[in-house]
Amino acid sequence: MKVLVTGGAGYIGSHTCVALLEAGYDVACIDNLDNSSYEAIRRVEELTGKKIPFYEKNILDREALKAVFEAEKPDAVIHFAALKAVGESVAKPLEYYHTNVYGTITLLEVMREEGVKKLVYSSSATVYSSVKEMPVNEESFAYVTTNPYGWTKIMCEQIIRDTAKADPELSAALLRYFNPVGAHPSGRIGEDPAGIPNNLMPYIAQVASGKLQRLSVYGNDYPTRDGTGVRDYIHVCDLADGHVLALGRIAGGKGVYTYNLGSGKGTSVLEMVKAFEEASGRKIPYVIAPRRPGDIAEVFADASLAEKELGFKTKRDVFDMCRDLWNWQSHNPNGYEK
């Protein structure tokens, strides 16, 4: 089976390419490299010993996307390509709706025209940002969120459901994953954010390496055990494995399947700081800053449905996440830049 991965040069995309190739799938990638690097694809090829047809194109470019489909003739698509920062989405809502929603519509249109009926969609736990009771399961979805990024994920999920209703041959998996962290244990691929990181763990790693002076902890007055935000962190390699399992699920089925991919455990910001200090041997200085718009106190997963139907279960703990992240950061202090 050949799989087209949109956003395949990105953080989660590159790790998923490794998992797919190791599972015996053929892989082709499309990525506009706005927030990623072709070096990630080259290193995936190095790790797996397999070549990946790569197209530096934007999925918003319908004709370019159609040309990729006609050249590669994929059997399935894993769709990562999107803007993904909660805080940035609050400041730039139109850019997020245009890229994430219109990009997904364009992809679905081209899939329909080319007869591709299998889709794994990269959704997010942000769709649960209005839910108060933890842990959240797939039925906790309330069609309400606190930020434009979350709304784009809600909208895209609904668009995929409606498309599948109109086309009974279409099979899709909507993967609501929580906070991906860590890196491939080789240290060859990892998260390489452009500019100052928006997410906690790459920021911590850059503080540890001396690139950034200190960590800002956004809020210490949440109703959590230490006042800082609590999230469900999942190792990116566990997450990549989840995509392979989801692809296997839809290969023989029809309709739309929705799964949480998370550890099922909540970890606070300060607990992650401590874990990283233990894994890296580096002290992480931090200051308390005001809460960020759109953030919530806590969210963590009930991932029992994915375990039951996919056989998905995380294999790596918080220490593993921090160790592998530090291995990546310490060997690649400037990311993929040589």
Give the minimum heavy-atom separation between [X] and [Y], together with the two atoms involved.
X	Y	answer
Val116	Leu170	O-CD1, 4.4 Å
Ala19	Asp241	CB-OD1, 4.0 Å
Pro193	Asn35	C-OD1, 4.2 Å
Trp328	Glu191	NE1-O, 3.0 Å
Cys237	Pro185	SG-CD, 4.0 Å

Are [X] and [Y] close enough that a side-chain donor and a side-chain acceptor fall under 3.5 Å?
X	Y	value
Asp320	His235	no
Glu88	Tyr96	yes
Arg292	Asn147	no

Any donor-acceptor pair under 3.5 Å from [X] side chain to [Y] backbone:
X	Y	answer
Lys66	Asp61	no
Asn260	Ala306	no
Lys57	Val68	no

Does [atom1] in [X] sit with more than 12 non-hydrogen atoms of other residues, nucleotides or ligands closer than 6.0 Å?
X	atom1	value
Tyr286	OH	no
Lys313	NZ	no
Tyr38	OH	yes
Lys165	NZ	no

Can we say [X] and [Y] salt-bridge, meaning some charged N sits less than 4.0 Å from an Asp/Glu carboxylate O?
X	Y	value
Glu271	Lys274	no
Lys265	Asp317	no
Glu157	Lys153	no

Is the ring pair Phe80/His243 parallel, tilted or perpendicular, if the boundaries are 30 and 60 degrees?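 Phe80 vs His243 ring planes: tilted.
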I need the single residue from Glu309, Lys308, Glu138 that forms a side-chain hydrogen bond (donor to acceptor under 3.5 Å, both in side chains) with Tyr259. Which is it?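 That would be Glu309.
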Measuring only between side-chain heavy atoms, which start at C-beta, is Leu94 closer than 4.5 Å to His98?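 A side-chain contact under 4.5 Å is absent here.
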